[in-house]
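Here is the structure we will look at, set down as structure tokens.
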Amino acid sequence: MAWTNEDVARQFAEIATLLKLSGADAFRVRAYERAAGAIGAAAADLSALDEAGMSQLKGIGTSTAKKISEYLQTGSIAMLDELRAGVPAGLIALTRIPGLGPKTARLLYDELGVDSVQALRTAIDEERLRGLPGLGPKTEVNLREALSRLGDKDTGRRPMADAIAIAEELCLRLARLPQVRQVTFAGSLRRLRETVGDVDVLAASDDPGPVHAAFRDSDLVTEVLAAGDKKTTVITRVGLQADLRVVEPDAWGAALVYFTGSKAHNVRVRERAVRRGLTLNEYGLFDPESGERRASRDEAEVYAAMGMALVPPPMREDAGEVEAAADGTLPRTVELAHVRGDLHGHSDWSGDGKATLEQMVAAAAERGYAYWAVTDHAEDLPMNGLSRERMLERRGAIAALQERYEMRILEGAELNIDADGGVDYDPDFLASFDWCVASVHTLMNRSGREQTARIVAAMQHPQVHAIGHLTGRIIGRRPPYDIDLDTILEAALRTQTALEINASPRRLDLSGEMVRRAVDAGVTLTISCDAHSVGDLASMRYGVATAQRGWATADRVLNCGDLDRILSFTQAKRT
DNA sequence: GCCGTTTTCGGCCCGACTGTTTTCAGTCG
């Protein structure tokens, strides 16, 4: 069995949770949380390292390395098994209730025998909580409400794509207030993570009272959870929690760093501040001796005052970026302005395209692209695919349209990788396309070995220039199918095939973590929207964010090059 | 449990809000 880094990281996250419930030393708990984070962010496959190699990773010492190899060899960790035996499984479920943490969960279990969410409901109904130290009637009411919210399936993490609309609407309304100088969403949404747990809104104002009031009273809000001078927490109409923080305009940069996170990134940055004899909070970077504020106005100033380069938000995950920003090795990652074209898009020539070829071409040209590849589905895709005859018809339409546009329209196709790695059409006809992306659309439940084999086989084809949405996942709806990434990266390099970062916010496939491994392996990437409508072309920013999360530079992204680079890439593959 | 630009031992990031408290612990981010 090949364990992935994520499997291993999950074991250590569980150890941390169980230790917390056991009342262990908080710093020891944090050490395990950090280890889990370090494992998840590791660029190399842990199973390829020995214990000495693992200990090289920050946050992993000899004890953790030993437990990792124990897990890789036996599939379990004795310490974790003991912890599980000592803590009722239901207690973990209790800590998922907002407002109920490990200390209270343990107290409820020890004093009242509460070992499940159902047992908690009963205890609250019988008013048995209010006798316990630190708990009173109000706590019972709050927990009862939290439990009823838990009943709605509308809570929990959401695909980022679902949260961004409400976040932008909240910001838009606050921006209209005369008291608001600046407003933006921060948190995991600003880092453009795949899923978000809540919406963090940050505003700058000299008069915060009316700003908090407007937020609380908005018709987008159904419930107010906390209301203070500096912070308001609400539940929005779509069931997502939203926090508003208002700071004085001079603190904007420090607050933005603070509320963008990630938490692990912030901890690392603040530790760095402490080592330099300073202290960093949401109001600024301070000299604790004199109380003098060294930096706070904008993000770049705050990072610079600590001797660091500005870190793009998607990279702020404590995956080595703090150290790199400090020692000058942070790569200049790809930016939206670097993107010269898009290499995966559809028109209504294929059944699922929602706009005409002309509308798509016009929209792509308006974005200033030098080229846009129309990659309608090929004949093997039931319902939506184009026969050879229809493709030839489309060729005429492209040629006619090309006369009116300076932007190069690349005649492309999205090919279907069949069970054995074969693709649509015959080799001669395929050779007449400018650009082909090949994707898996069927048989998604095959084993990892079979999926890997069929994708590697498809890459051998001289007319397969890129592999589309490599894992097939739909965030929040369909898990990725299994693949052996190392084998695929090696084959991509050998066959000179690009791997697509699908920019659709529902896919983001490759993930940021996979991008980073592809970058380390030297594989060429594309960032493409897989647009099925004009509006989809705006998703490019999500693909760029995912590339940044994976530390990709513009020179590694094929469509950050000019048209000649695309043509010489396909030419090289052909020969 | 991890780690070192004062340290191989003794620290380990910081603040807001709430509910229960007469000064603070727990939770959250």
Side-chain angles (χ1 to χ4, degrees), chain A residues 12 15-16 19-20 23-38 54-68 79 94-108 129-143 146 186-189 191 196-202 208 212 224-233 241-247 251 254-255 257-286 288 306-307 318 322-323 326-327:
Chain A
F12 285 88
I15 289 178
L19 278 175
K20 229 184 278 181
D25 173 62
F27 295 113
R28 195 165 159 236
V29 171
R30 211 175 95 197
Y32 278 103
E33 284 173 344
R34 278 196 163 169
M54 295 173 199
S55 304
Q56 298 291 306
L57 297 169
K58 268 203 179 318
I60 296 178
T62 52
S63 166
T64 303
K66 202 168 290 210
K67 290 189 183 75
I68 294 172
M79 178 212 190
L94 286 184
T95 64
R96 292 207 196 96
I97 299 168
L100 204 169
K103 289 278 180 7
T104 310
R106 190 74 213 186
L107 181 73
L108 292 173
L129 267 57
R130 57 186 64 181
L132 298 177
L135 303 184
K138 191 75 212 287
T139 306
E140 284 179 352
V141 170
N142 288 346
L143 285 177
S188 50
L189 204 51
R191 303 200 308 282
V196 300
D198 65 0
V199 173
D200 293 298
V201 177
L202 177 66
H212 284 289
V224 178
L225 296 184
D229 298 338
K230 299 185 164 65
K231 181 179 167 181
T232 300
T233 301
Q241 181 176 312
D243 292 342
L244 170 69
R245 286 290 297 252
V246 184
V247 297
V257 170
Y258 184 89
F259 294 112
T260 298
S262 66
K263 187 172 179 214
H265 174 86
N266 284 353
V267 168
R268 191 70 76 192
V269 170
R270 285 198 291 261
E271 281 173 354
R272 184 175 165 77
V274 169
R275 279 204 302 278
R276 294 166 77 93
L278 301 169
T279 178
L280 176 68
N281 57 31
E282 57 263 59
Y283 305 110
L285 181 68
F286 295 91
M306 281 186 297
D318 189 28
V322 174
E323 294 78 1
D327 66 20

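Computed from a predicted structure; not experimentally measured. First the proteins, then the strands, lettered A, B, ... as listed; each starts at 1.
- Syn is the conformation of B/dT7, whose glycosidic angle sits no further than 90° from 0.
- Residues A/Gly228 and A/Gly99 each lie close to DNA chain B; by heavy-atom proximity, the contact nearer the 5' end of the strand is made by A/Gly228.
- Remark: A/Asn142 is in phosphate contact with B/dG19, judged by side-chain N or O atoms under 4.0 Å from OP1 or OP2.
- Here A/Arg268 pairs with A/Glu323 in a salt bridge; the nearest charged N to carboxylate O distance falls below 4.0 Å.
- Checked against B/dG29, B/dG1, B/dT27, the side chain of A/Lys103 finds its nearest nucleotide in B/dT27.
- The distance between atom CG of A/Leu244 and atom P of B/dG29, rounded to the nearest whole Å, is 15 Å.
- Here the nucleotide nearest the side chain of A/Glu271, chosen from B/dC12, B/dT27, B/dG29, is B/dC12.
- Distance from the side chain of A/Lys230 is smallest to B/dA16 among B/dA16, B/dG1, B/dT20.
- Atom P of B/dT21 sits at a distance of 24 Å from the matching atom of B/dA16, rounded to the whole Å.
- Comparing A/Leu135 and A/Thr95, the nucleotide of DNA chain B nearest to each residue sits closer to the 5' end for A/Leu135.
- In this structure, of B/dG15, B/dC14, B/dG1, it is B/dC14 that holds the atom nearest to the side chain of A/Val274.
- If you measure from atom CG of A/Leu107 to atom P of B/dT27, you get 9 Å, rounded to the nearest angstrom.
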Please list, pair by pair, any protein nitrogen or oxygen found under 3.5 Å from a nitrogen or oxygen in nucleotides 3-11 of chain B.
from  : atom 1 : to      : atom 2 : distance (Å)
B/dC3 : OP1    : A/Gly59 : N      : 2.5

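- Heavy-atom minimum distance, A/Thr260 versus A/Arg191: O-NH1, 2.7 Å.
- With C1' as the reference atom, B/dT23 and B/dG29 are 24 Å apart, rounded to whole Å.
- Using N1 to N3 plus N6-O4 or O6-N4 for Watson-Crick, or N1-O2 and O6-N3 for G-U wobble, each under 3.5 Å, B/dT8 pairs with nothing.
- Under 4.0 angstrom from either OP1 or OP2 of B/dC28 there lies no side-chain N or O belonging to A/Thr233.
- Regarding A/Leu278, its CG atom lies at a distance of 11 Å from the P atom of B/dC14, rounded to whole Å.
- The side chain of A/Phe27 lies closest to B/dC12 when the candidates are B/dT20, B/dC2, B/dC12.
- Separating the C1' atom of B/dT5 from that of B/dG1 is a span of 23 Å, rounded to the nearest Å.
- A/Lys263 comes within contact range of at least one nucleobase, with a heavy-atom separation under 4.0 Å.
- Using atom P as the reference point in both B/dT27 and B/dT20, the two lie 13 Å apart (nearest Å).
- Only the P atoms considered, B/dG19 is 31 Å distant from B/dC12, to the nearest whole Å.
- A/Ser63 and A/Lys67 are linked by a side-chain donor-acceptor pair at a separation below 3.5 angstrom, with hydrogens and angles left out of the test.
- Listed pair A/Thr104 / B/dT27 meets the phosphate criterion, a side-chain N or O lying under 4.0 Å from OP1 or OP2.
- By the 4.5 Å heavy-atom criterion applied to side chains, A/Glu282 and A/Val257 are not counted as neighbours.
- The base of B/dG29 is paired with the side chain of A/Tyr258 by a donor and an acceptor separated by under 3.5 Å.
- Counting non-hydrogen atoms under 4.0 angstrom, A/Ile97 reaches the backbone sugars and phosphates but no base.
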Query raised in the report: Is there a side-chain contact (heavy atoms from CB on, under 4.5 Å) between A/Arg245 and A/Asp200 once you walk through the steps?
Result: CA-CA 8 Å; A/Arg245 286 290 297 252; A/Asp200 293 298; over 6 Å; no
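- As a whole-Å value, the separation of A/Arg30 CZ from B/dG1 P is 15 Å.
- Between B/dT18 and A/Thr139, no contact under 4.0 Å exists linking OP1 or OP2 to a side-chain N or O.
- The shortest side-chain heavy-atom distance between A/Thr232 and A/Asp243 does not fall under the 4.5 Å cut-off.
- Put simply, CG on A/Leu132 is 14 Å from C1' on B/dG19, counting in whole angstrom units.
- In terms of heavy atoms, A/Thr95 sits closest to A/Ala105 at CG2-CB, 4.0 Å.
- Closest to the A/Lys138 side chain, of the nucleotides B/dG19, B/dG1, B/dG26, is B/dG19.
- Taking atom P on both nucleotides, B/dC2 is separated from B/dT6 by 24 Å, rounded to a whole Å.
- Nucleic acid contact for A/Ala273: none, since no nucleic acid atom lies under 4.0 Å from a heavy atom of the residue.
- The minimum heavy-atom distance between A/Leu285 and A/Ala273, with the atom names listed, is CD1-CB, 4.0 Å.
- Residue-level contact check: A/Pro102 touches the backbone only, with heavy atoms under 4.0 Å from sugar-phosphate atoms and none from bases.
- Judged purely by atom type and a 3.5 angstrom limit, A/Arg272 has no side-chain atom pairing as donor or acceptor with the backbone of A/Val322.
- Checking B/dC14, B/dT20, B/dG1 against every side-chain atom of A/Pro137, the shortest atom distance belongs to B/dT20.
- Separating the CG atom of A/Leu225 from the P atom of B/dG19 is a distance of 11 Å, rounded to the nearest angstrom.
- With rounding to whole Å, A/Arg130 atom CZ is found 10 Å from B/dT20 atom P.
- Closest to the side chain of A/Arg245, out of B/dA16, B/dC12, B/dG29, is B/dA16.
- Counting to the nearest Å, the P atom of B/dC14 and the CZ atom of A/Arg268 are 14 Å from each other.
- A/Glu271 pairs with exactly one of A/Lys58, A/Arg34, A/Arg276 by the salt bridge (Lys or Arg N to Asp or Glu O under 4.0 Å) rule, that one being A/Arg34.
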